[in-house]
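Take a look at the structure below.
Counting convention: from 1, in listed order, for ligands and their atoms alike.
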Amino acid sequence: MKLGSLELATPFILAPLESVSDAAFRRLCWSLGAGLTWTEMIRARGLTRNNRSTIELIDCFEADVPTGVQLMVVNEGELEEALERIEQLAATTHPHFRNLRAVDLNFGCPSPEVIKVGAGPALLKRRNKLRSIFEVLRTWKQRTALPIGAITAKIRLGLNRLEMDQKVYLPIVELANELLDGLTVHARHAREESTTSAHWEALAEVKQRATVPIIGNGDVVSLQTAQRLIEQTGCDGVMIARGAIRSPWIFRELTGQGPGQPALAEVDLAEEEWRRRATSLGSKPKYFEWHAEGFRRMRDRHAGSATSTALPPNEHMR
Ligand SMILES: Cc1cc2nc3c(=O)[nH]c(=O)nc-3n(C[C@H](O)[C@H](O)[C@H](O)COP(=O)(O)O)c2cc1C
């Protein structure tokens, strides 16, 4: 699959995952078959205010793992400043920022704190504002010295049921056709929980109108569900979040390299390797907490003390 000038080895993409997608986890998913990986959502304001802990979240230390940064912005001015900041840091104190291959904008985070400031899904119906934001990103991509191959946005179907019924997502496809290299669609509106089935029919509608690659997202947890999503929607790529948290080996299954459920020895080895790498790259404590629990759950499934179909908790769902 091609996204902008990026040739992805597989069309299966690890979602941006807050508190989950540190560099060591991204490597694990990539080594198992993910064609592209994303950092967790980075607040542009944190970058423009030079917030150290925000800047540290852009942990793209390893050039061989294809990684993009996902930004959360309130408006085009903030985006412009944040992109300039990334460039400055790449040229000075943070040379590893040169490993970034893509930039994505988050229009899906359902957190009230994000919606209150008019960011995330609150922007979905603001076509002119979105155009200005996309234009800033496009212009920057054309002039930056950083090797950014693709610029994308990740959207939901609307802020709420009404917006989804009004199909606010369709005009965004036109904007993406004109200004971006691809569009990821999480097929739910922002008030929907992960317990509601994703509306894949909307993905098919989006795909019909798109000239850029469309990445479908929502409820892909196995090879069968990925195949069904592609058959029913025609999407070019598939983004996986909870399925990858439950078992990064889903990428091995999707790419036909082996089963989606690892052997116990594979979990042990992966955890050891993840821990070694996370330690040497200085991953934040929150990632250690998350993954200690994640690997424990994977082991429990072997011991039969957890149901094999249970998805991870969704309280962070964006
Ligand atoms: C723990 C967790 C953290 C998430 N963090 C982000 C994030 O930082 N940015 C984002 O766009 N979506 C985030 N999401 C949403 C996922 O990327 C994805 O859109 C959603 O979970 C639906 O996909 P799935 O059915 O494969 O889980 C998060 C989801 C979870 C479960």
query = Aromatic ring centroids of Tyr287 and Trp274 under 6.0 Å?
reply =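 When the ring centroids of Tyr287 and Trp274 are compared, they turn out to be at least 6.0 Å apart.
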Give the atom numbers and elements of ligand 1 that come within less than 4.0 Å of a heavy atom of [X].
X: Lys154; result: 10 (C), 11 (O), 12 (N), 15 (C), 16 (C), 17 (O), 18 (C), 19 (O)
X: Gly218; result: 25 (O)
X: Arg242; result: 24 (P), 25 (O), 26 (O), 27 (O), 31 (C)
X: Gln70; result: 7 (C), 8 (O), 9 (N), 10 (C), 11 (O)
X: Asn106; result: 9 (N), 10 (C), 11 (O)
X: Ala15; result: 17 (O)
X: His186; result: 19 (O), 20 (C), 22 (C)

inquiry  = Would the distance check show the side chain of Ser283 and the main-chain N or O of Asp22 forming a donor-acceptor pair, the cut-off being under 3.5 Å?
reply    =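 Here the side-chain-to-backbone pair does not exist.
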Taking distance alone, with N or O pairs closer than 3.5 Å, would you say [X] contacts ligand 1?
X: Val220; answer: no
X: Ile245; answer: no
X: Glu40; answer: no
X: Pro16; answer: yes
X: Trp290; answer: no
X: Glu18; answer: yes

If we ignore angles and hydrogens, is there a donor and acceptor under 3.5 Å between the side chains of [X] and [Y]?
X: Arg191; Y: His189; value: no
X: Thr67; Y: Thr37; value: yes
X: Tyr169; Y: Glu163; value: no
X: Thr144; Y: Glu87; value: yes

request  = For Thr211, check side-chain hydrogen bond (donor to acceptor under 3.5 Å, both in side chains) against everything at least two apart and list the hits.
outcome  =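 If we apply the side-chain hydrogen bond (donor to acceptor under 3.5 Å, both in side chains) test to Thr211, skipping adjacent residues, the hits are Asn177.
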Result of checking His199, Arg161, Arg156 against Glu192 for side chain to side chain donor-acceptor pair (under 3.5 Å) =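 When His199, Arg161, Arg156 are each tested with Glu192, the side chain to side chain donor-acceptor pair (under 3.5 Å) holds only for His199.
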message = Let me check something: do Leu269 and Leu264 share a hydrophobic cluster, defined by ILVMFWY side-chain heavy atoms less than 4.5 Å apart, either directly or through other members?
response =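 No.
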ask   = Applying a strict 4.0 Å limit to heavy atoms, is Gly108 in contact with ligand 1?
value =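 False for this residue.
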inquiry  = Please classify the Leu17 to ligand 1 contact at 4.0 Å (heavy-atom distances, strictly less than): side chain, backbone, both or neither.
reply    =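 The part of Leu17 near ligand 1 is both the backbone and the side chain.
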key: Stepwise side chain to side chain donor-acceptor pair (under 3.5 Å) check, Asn51 with Arg45   = CA-CA 8 Å; Asn51 181 314; Arg45 183 168 302 184; over 6 Å; no
